[in-house]
Amino acid sequence: MAKTKIKDIIANPETKREYFLPGNATCQGCGLDLALRWAMKALGPKTATVSPASCANVVTGLWPKSAPDWPWFNMAFAASAAAASGMKHGLIAKGKGDYNVVVWAGDGGTTDIGIQGLSGAAERNEDIIYVCYDNESYMNTGIQASSSAPRGTVTTTTPYGKTKKKKNVPMIVAAHNVPYVATCSVGNPLDLYDKFKKAKDIKGFRYIQILSPCPPGWRHDGKYTIRQAQLAVDTGIFPLFEIENGILTLTGKSKRLHDPTKRKPIGEYFSKQNQGRFKLIDEKLLEQLQKDVDEWWSWIVRYLVYQENLEI
Ligand SMILES: Cc1ncc(C[n+]2csc(CCOP(=O)(O)OP(=O)(O)O)c2C)c(N)n1
Ligand code: SF4
């Protein structure tokens, strides 16, 4: 698939159009806002979204002044993947099977509270797209750590820094052998757009996790959201890839980052100057975080080596 350029987005009225309307209640520099904006440009108007308790279903606002310019259903925390499964079957029964049914969930609603529903829908290979916008904590209720928060993150429930590493949910979902798994970052919006464009045309269960910085939760100025999201990729902390029918491909800047010498040092990202949530990080913790990043990459490299052997 040819890579989309910004001029392609502007030239096409379908993609130039805004679906997630401005003037919504997101904070300045909210990553979730950007993620939703770009995802919808790829998915288009024939989309219905199910959103569990999160910032997403609060910032959207009340009808008739709500921000999503397409059908949006707020759902109980644990039920989004099950509700979306039912919605897709209902749409098929009504002759509207061409609608994209999308779960739009935070990391709390995905990696902790929604994971059983997510796993069930993945096992059944439901024809839905499950999106986790990953701001690495429960932000809407005042910043509590989720299992997606990296080690060392200071939140209201981890005032001395989180002691457990970030849960690797893309790989957990990939282990269900679903047709499509991808990661993206709001710092690389065209990569994000292309992945949603591809996912839209795949049948069966698709999972996309988007790194979506949250200025109040990460304790950075809203104007640096894109920089944080890009730095996470450039340091190798958040690798960009897709797994299509079991075949993993690194995308964008991550293509060459399986070579650790090509990555920026992680200390640039995990620093209190950069993000206040890492205010307690010291040398020892940084070493441990480097091990966490290396472990992430060892999963990817094992995939790549396995695939190479398959091709021999
Ligand atoms: C069953 C249940 N428990 C708790 C809540 C309160 N609650 C609403 S939003 C939220 C945080 C959601 O966190 P996450 O999924 O990470 O999304 P974010 O707020 O970061 O966008 C919580 C705990 C709820 N609505 N329902
Ligand atoms: S708290 Fe964070 S995720 Fe929620 S609206 Fe504000 S910036 Fe976005």
Side-chain angles (χ1 to χ4, degrees), residues 20-40 49-62 66-68 72-84 102-119 130-150 153-158 162 164 166-170 172-173 184-187 189 192 207-229 232 238 275-278:
F20 189 47
L21 301 175
N24 60 63
T26 50
C27 314
Q28 198 175 25
C30 174
L32 136 68
D33 180 303
L34 291 169
L36 198 45
R37 181 182 183 212
W38 281 92
M40 280 308 295
T49 299
V50 176
S51 168
S54 58
C55 271
N57 71 24
V58 173
V59 298
T60 43
L62 297 178
S66 49
W72 180 284
F73 297 85
N74 287 340
M75 190 43 62
F77 234 141
S80 50
V102 176
V103 172
W104 192 269
D107 49 287
T110 301
T111 69
D112 299 328
I113 297 169
I115 200 162
Q116 42 74 20
L118 162 61
S119 174
Y130 189 111
V131 181
C132 170
Y133 68 92
D134 184 7
N135 54 29
E136 302 188 319
S137 282
Y138 294 78
M139 296 308 185
N140 188 248
T141 35
I143 319 169
Q144 294 83 32
S146 75
S147 57
S148 200
T153 310
V154 172
T155 68
T156 55
T157 49
T158 53
K162 191 181 172 227
K164 302 283 183 292
K166 182 179 175 79
K167 193 190 275 184
N168 192 334
V169 173
I172 292 172
V173 180
C184 356
S185 157
V186 296
L192 186 157
Y207 177 80
I208 302 181
Q209 189 158 326
I210 310 172
L211 188 69
S212 310
C214 163
W218 291 22
R219 304 264 186 258
H220 65 79
D221 193 311
K223 68 183 174 195
Y224 295 129
T225 287
I226 296 291
R227 193 176 86 179
Q228 309 298 358
F238 196 89
Q275 295 178 37
R277 65 177 174 152
F278 297 130

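Just so you know, ligand 1 is whichever comes first in the structure, and atom 1 is the first atom listed for that ligand. Computation of the quantities below employed the complete heavy-atom set of this structure, encompassing side-chain atoms and omitting hydrogens, waters and symmetry-equivalent molecules.
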> Taking atom types as modelled, is there a side-chain donor on Tyr138 or Thr155 under 3.5 Å from an acceptor on the other?
Replying inline: no
> Applying the side chain to side chain contact (heavy atoms under 4.5 Å, CB included) test to Pro213, which of Val186, Leu32, Leu34 qualifies?
Replying inline: Val186
>> Looking at Phe77, I'd like to know if its CZ atom is crowded, meaning that more than 12 non-hydrogen atoms belonging to other residues, nucleotides or ligands lie closer than 6.0 Å.
In response: yes
Table of N or O contacts for ligand 1, cutoff 3.5 Å:
unit_1   : atom_1 : unit_2 : atom_2 : d
ligand 1 : 15 (O) : Gly108 : N      : 3.3
ligand 1 : 15 (O) : Gly109 : N      : 2.8
ligand 1 : 16 (O) : Gly108 : N      : 2.8
ligand 1 : 16 (O) : Ser137 : O      : 3.0
ligand 1 : 19 (O) : Cys55  : N      : 3.1
ligand 1 : 19 (O) : Met139 : N      : 3.4
ligand 1 : 19 (O) : Asn140 : N      : 2.8
ligand 1 : 20 (O) : Asn135 : OD1    : 3.1
ligand 1 : 20 (O) : Asn135 : ND2    : 3.1
ligand 1 : 20 (O) : Ser137 : O      : 3.0
ligand 1 : 20 (O) : Met139 : N      : 2.9
ligand 1 : 21 (O) : Cys55  : N      : 3.1
ligand 1 : 21 (O) : Tyr133 : OH     : 2.5

>> Can you tell whether the side chains of Asp107 and Lys166 come within less than 4.0 Å, N to carboxylate O?
In response: no
> Counting no waters, how many protein N/O/S atoms sit under 2.8 Å from atom 2 (Fe) of ligand 2?
Replying inline: 1
> Would a distance-only check, ignoring hydrogens and angles, find a side-chain to backbone donor-acceptor pair under 3.5 Å from Ser66 to Thr60?
Replying inline: no
>> Quick check on side chain to side chain contact (heavy atoms under 4.5 Å, CB included): which of Thr111, Ile113, Val169 does Leu118 satisfy it with?
In response: Val169
>> Measuring from atom OG of Ser119 to atom CD1 of Ile172, what distance do you get when rounded to the nearest 0.5 angstrom?
In response: 9.0 Å
> Looking at side-chain heavy atoms only, is the closest gap between Ser54 and Asn140 below 4.5 Å?
Replying inline: no
> Does Gln116 CD have over 12 foreign heavy atoms under 6.0 Å away?
Replying inline: yes
